[in-house]
**Q** 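Structure below; questions to follow.
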Amino acid sequence: MSPGLARLVEVLALLPPGRLMTYGELARQAALGSPRMSARLLGQLPDRERLPWWRIVNAQRRISEHGAQDEQHQRLAEEGLLPDTRGRYPISAFWP
DNA sequence: TTTTTGACTTCTG
DNA sequence: CCAGAAGCCAAAA
């Protein structure tokens, strides 16, 4: 496991239910160097069941294309997070 | 070794 | 609000 992934896991583990974070913010908090690193590393997470990868959305507050979008949608819905008619998640879910 | 490729972001128009 | 361009960086080709 790379040190970057280790740091990402630490940050991700502290993200509570009902709270969202963007790839960019995650990259900054875990000192990954670029938002793309968040995306890259999320693709090879160890504990897919425990770590809330589904609470990461893009800067437009939408779910990015990747292959598990449906699952992401569903998991967020289970936490009470629903997107508006344009697929955007509420700004309130991003506050500390 | 160089180029391409992404679960991306930010700035401009 | 949408589209394009530039910036980003590790991995794969």
Side-chain angles (χ1 to χ4, degrees):
Chain A
M1 173 186 253
S2 73
L5 177 55
R7 292 197 302 278
L8 177 145
V9 167
E10 286 185 48
V11 175
L12 199 55
L14 296 177
L15 189 58
R19 173 84 195 284
L20 299 182
M21 196 181 270
T22 65
Y23 293 88
E25 198 184 335
L26 177 58
R28 283 192 298 272
Q29 292 197 25
L32 302 180
S34 121
R36 286 193 181 284
M37 289 300 97
S38 296
R40 170 174 300 294
L41 296 175
L42 284 176
Q44 51 183 32
L45 266 187
D47 312 319
R48 303 261 318 159
E49 291 306 309
R50 296 194 168 188
L51 299 171
W53 52 268
W54 56 88
R55 303 208 264 256
I56 303 303
V57 297
N58 62 33
Q60 283 68 56
R61 286 149 44 198
R62 297 167 186 285
I63 288 180
S64 296
E65 295 222 0
H66 57 98
Q69 306 171 50
D70 293 334
E71 184 186 352
Q72 186 167 11
H73 259 119
Q74 190 180 334
R75 294 211 153 186
L76 287 177
E78 288 172 4
E79 300 184 355
L81 287 177
L82 297 171
D84 63 18
T85 55
R86 291 173 191 166
R88 302 165 118 267
Y89 282 87
I91 192 68
S92 58
F94 293 77
W95 282 73

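Given the structure is predicted, the values throughout are model-derived calculations rather than measurements. As a basis for the values below, the full set of heavy atoms in this structure was taken, side chains included, without hydrogen atoms, waters or symmetry mates. So that the names make sense, note that chain A is the first sequence line, chain B the second, and so on, each numbered from 1.
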**Q** Nearest to the side chain of A:Arg40, which nucleotide is it out of C:dA10, C:dC9, B:dT9?
**A** C:dA10
**Q** Which part of the nucleic acid, if any, lies within reach of A:Arg55 when heavy atoms closer than 4.0 Å are counted: base, sugar-phosphate only, or nothing?
**A** nothing
**Q** Looking only at non-hydrogen atoms, find the nearest pair between A:Leu81 and A:Arg19 and report the distance.
**A** CD1-N, 4.4 Å
**Q** Nearest to the side chain of A:Arg88 - B:dA7, C:dC1, C:dC2?
**A** C:dC1
**Q** Out of B:dT10, C:dA10, C:dC1, which has the shortest distance to the side chain of A:Arg28?
**A** B:dT10
**Q** With DNA chain B as reference, determine whether A:Met37 or A:Glu25 sits nearer its 5' end, using the nearest nucleotide of each.
**A** A:Met37
**Q** Do A:Ile63 and A:Phe94 sit in the same hydrophobic cluster, where Ile, Leu, Val, Met, Phe, Trp and Tyr count as joined when their side-chain heavy atoms come under 4.5 Å apart?
**A** yes
**Q** State the pairing partner of B:dT10; accept Watson-Crick or G-U wobble contacts with both distances under 3.5 Å, and report none otherwise.
**A** C:dA5
**Q** So if I take every side-chain heavy atom of A:Ala59 and compare against B:dT10, B:dA7, C:dC9, which nucleotide ends up nearest?
**A** B:dT10
**Q** Ignoring hydrogens and angles, tell me if any N or O in the side chain of A:Asp47 forms a donor-acceptor pair with the backbone of A:Leu51 under 3.5 Å.
**A** no
**Q** If the P atom of C:dG7 is compared with that of B:dA7, how far apart are they to the nearest Å?
**A** 22 Å
**Q** Among B:dT9, B:dA7, C:dC2, find the nucleotide with the atom closest to the side chain of A:Arg62.
**A** C:dC2
**Q** Please evaluate residues A:Leu76 and A:Leu20 with respect to the criterion side-chain contact (heavy atoms from CB on, under 4.5 Å), reporting the C-alpha separation (whole Å), side-chain torsions for both, the decisive distance (0.1 Å), and the verdict.
**A** CA-CA 9 Å; A:Leu76 287 177; A:Leu20 299 182; 3.7 Å; yes
**Q** Rounded to whole angstrom units, what separation is found between the CD atom of A:Gln44 and the C1' atom of C:dC9?
**A** 14 Å
